[in-house]
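Right, one structure below, let's go through it.
No hydrogens, no waters, no symmetry mates; every other heavy atom, side chains included, goes into these values.
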Amino acid sequence: MGRNSKNASIALLAPLPSLIFYLSFLRYCAEHENHIYSSSNSDNSLSLDVWTWCYDHPLLLANVLFFLNVNLLFWLIALVQSSHWLIDVYWTVVPVLLVHYYATHPLANCNPWRSRAVILMTWAWSIRLSHNYFRREKWQWGAREDWRFTDMRRHYGKHWWWISFFSVYVSQQVFLIGLCLPLYVIHSVDKPWNLWDFLAVAVCITGILVAYHADTQLHKFVSRNYELKELGKPVVPNLDKGLWRYSRHPNYFGEQLWWWGLVIFGWNLGCAWTLVGSLINGMCFAYVTVLVERRMLKRGYRAEAYKAYQETTSVWIPWFNSSQKGGKDKNT
């Protein structure tokens, strides 16, 4: 079996422990409805205690499953393979798993239209991001790990094996569970659909579309430069066309819009605290932006062009180029 096939098999089998456990829980709930729902039940068996706890604590159960299946199992797989590629694949999958988990949990209580809209949009977001990941990786499973993990591996040396558990996996739990808090609230509060829901949908869809177009423009730019390099011709040092003319990181902006759109759903349902995940993620994006731009400036062939680009172009929020006035170039 080739490496690509082996990694694809690992990726498809990796979430099975959580899926099997949760499906067993749902089956138990369906078959023993009166037992698990009754606090006066005299059966004090360990299995009933476990299922009752799972029933009473949907958010905690999601965290336990994430810790055991993603943090622990994925980390062990990474140690064996000496690569943390699997977490990148599942960054796009975990929100889909979570939205279906929250929607199917026995305690779920929601407006069906809001639930359907969010589930469909979460699938659209996941497909968009998964497509971009595999397109960038030339349709290979686990061809490489994130460059930031590679840099940290070099930095921490022999201590990386245990530091990676916290910096790669535990941190991802904080981000993903936090970002998906609105999905939990959407399936915990039943409130009629209103105008704020329309706004939330508009923001989410705009975010998905902006991120898709930004990533597609970046992919075409990178592919074209690769072709030029293969032909022995000078490469284009910097992408400043399309959405990238108005923002240095329009893909990050689109991704942030998606998550803040979900926060609007949570706020509308009386749970403004759901913004904590997007707030932490925003700070992380700010740090990543700094790392990416430092990396760009270290590449000699594009350093000068990128410095000029930084001086004239907004970091995240698309805005008119500073060399423009009234939407037109000063030179025109």
Side-chain angles (χ1 to χ4, degrees), residues 1-15 70 74-75 77-97 122-154 164 168-169 172 176 207-244 248-255 258 285 288-289 291-296 298-302 305-306:
M1 181 183 293
R3 187 180 71 168
N4 191 49
S5 298
K6 181 179 70 175
N7 286 343
S9 299
I10 291 172
L12 294 174
L13 294 173
V70 178
F74 284 23
W75 176 64
I77 292 172
L79 292 182
V80 172
Q81 292 194 310
S82 297
S83 175
H84 298 283
W85 67 272
L86 190 57
I87 192 64
D88 285 337
V89 174
Y90 270 88
W91 177 270
T92 72
V93 175
V94 169
V96 172
L97 296 176
T122 304
W123 269 99
W125 170 85
S126 178
I127 292 170
R128 194 283 305 173
L129 195 56
S130 296
H131 172 262
N132 181 64
Y133 171 81
F134 283 107
R135 177 176 59 181
R136 186 186 68 218
E137 300 302 315
K138 303 186 187 303
W139 311 103
Q140 297 293 304
W141 294 81
R144 58 179 178 172
E145 65 181 3
D146 189 293
W147 62 269
R148 288 162 292 190
F149 300 155
T150 302
D151 284 352
M152 286 190 283
R153 183 188 300 276
R154 294 195 196 99
S164 63
V168 177
Y169 299 98
Q172 301 292 348
L176 280 170
I208 293 171
L209 291 175
V210 168
Y212 170 76
H213 286 292
D215 281 333
T216 297
Q217 290 166 3
L218 178 60
H219 175 72
K220 289 180 178 178
F221 171 78
V222 172
S223 298
R224 178 56 179 161
N225 264 354
Y226 179 79
E227 292 172 1
L228 291 173
K229 187 176 180 180
E230 288 293 301
L231 294 171
K233 297 181 180 180
V235 299
V236 180
N238 192 53
L239 171 59
D240 56 3
K241 307 294 183 184
L243 292 172
W244 299 80
R248 303 205 297 272
H249 303 278
N251 50 347
Y252 293 176
F253 174 71
E255 182 72 2
W258 155 253
F285 262 109
V288 169
T289 298
L291 293 181
V292 169
E293 298 208 341
R294 284 177 181 171
R295 195 166 185 243
M296 298 289 280
K298 288 180 180 178
R299 298 180 176 180
Y301 73 95
R302 68 169 20 142
Y306 200 79

Looking only at atom types and distance, does a side-chain atom of Gln172 sit under 3.5 Å from a main-chain N or O of Ile87, one as donor and one as acceptor?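 No, the answer is negative, given that no donor and acceptor are paired below the 3.5 Å cut-off.
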What pairs with Trp141 under ring pair (Phe, Tyr, Trp, His ring centres under 6.0 Å), at least two apart in sequence or on another chain?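 Phe134.
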Quick one: are [X] and [Y] in side-chain contact, heavy atoms under 4.5 Å?
X      : Y      : answer
Gln81  : Ile10  : yes
Tyr252 : Val288 : yes
Tyr306 : Pro237 : no
Val168 : Trp75  : no
Trp244 : Asn251 : yes
Asn225 : Val222 : no

Partner residues of [X] under the side chain to side chain contact (heavy atoms under 4.5 Å, CB included) criterion, sequence neighbours left out:
X      : answer
Ser126 : Thr92, Val96, Ser130
Arg135 : His131, Asn132, Trp139, Asp215, Thr216, His219
Leu176 : Phe66, Trp91, Val94, Pro95
Arg153 : His84, Glu145, Trp160

Where [X] and [Y] come nearest, the two heavy atoms and their spacing:
X      : Y      : answer
Ile208 : Ala124 : CD1-CB, 4.3 Å
Ala305 : Asn238 : CB-CB, 4.4 Å
Leu228 : Pro234 : CD1-O, 3.6 Å

From [X] [atom1] over to [Y] [atom2], what is the distance, rounded to the nearest 0.5 angstrom?
X      : Y      : atom1 : atom2 : answer
Met296 : Arg248 : CE    : CZ    : 10.5 Å
Asn7   : Ile77  : CG    : CD1   : 10.0 Å
Ser83  : Asp146 : OG    : CG    : 10.0 Å
Gln217 : Tyr212 : CD    : OH    : 10.5 Å
Phe285 : Thr289 : CZ    : OG1   : 7.5 Å
Tyr133 : Trp85  : OH    : CH2   : 6.5 Å

Lys NZ or Arg CZ of Lys138 over Tyr226 ring: under 6.0 Å, within 45°: yes
Crowded around Trp123 CH2? As in, over 12 foreign heavy atoms under 6.0 Å?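 No, the 6.0 Å shell around CH2 holds no more than 12 heavy atoms from other groups.
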Show, in sequence, the C-alpha distance, side-chain angles and deciding distance for Leu291 and Trp147, and conclude whether the side chain to side chain contact (heavy atoms under 4.5 Å, CB included) test is met. CA-CA 11 Å; Leu291 293 181; Trp147 62 269; 4.0 Å; yes
So if I apply the side-chain contact (heavy atoms from CB on, under 4.5 Å) rule between Trp258 and each of Thr122, Leu129, Val210, which one comes out positive? Thr122
In sequence, state the C-alpha distance, the side-chain angles, and the governing distance for Val235 and Tyr301, and then conclude on side chain to side chain contact (heavy atoms under 4.5 Å, CB included). CA-CA 9 Å; Val235 299; Tyr301 73 95; 3.7 Å; yes
Going by salt bridge (Lys or Arg N to Asp or Glu O under 4.0 Å), name the residues that satisfy it together with Arg154, two or more places apart in sequence or in a different chain.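 For Arg154, the residues satisfying salt bridge (Lys or Arg N to Asp or Glu O under 4.0 Å) (neighbours in sequence not counted) are Asp151.
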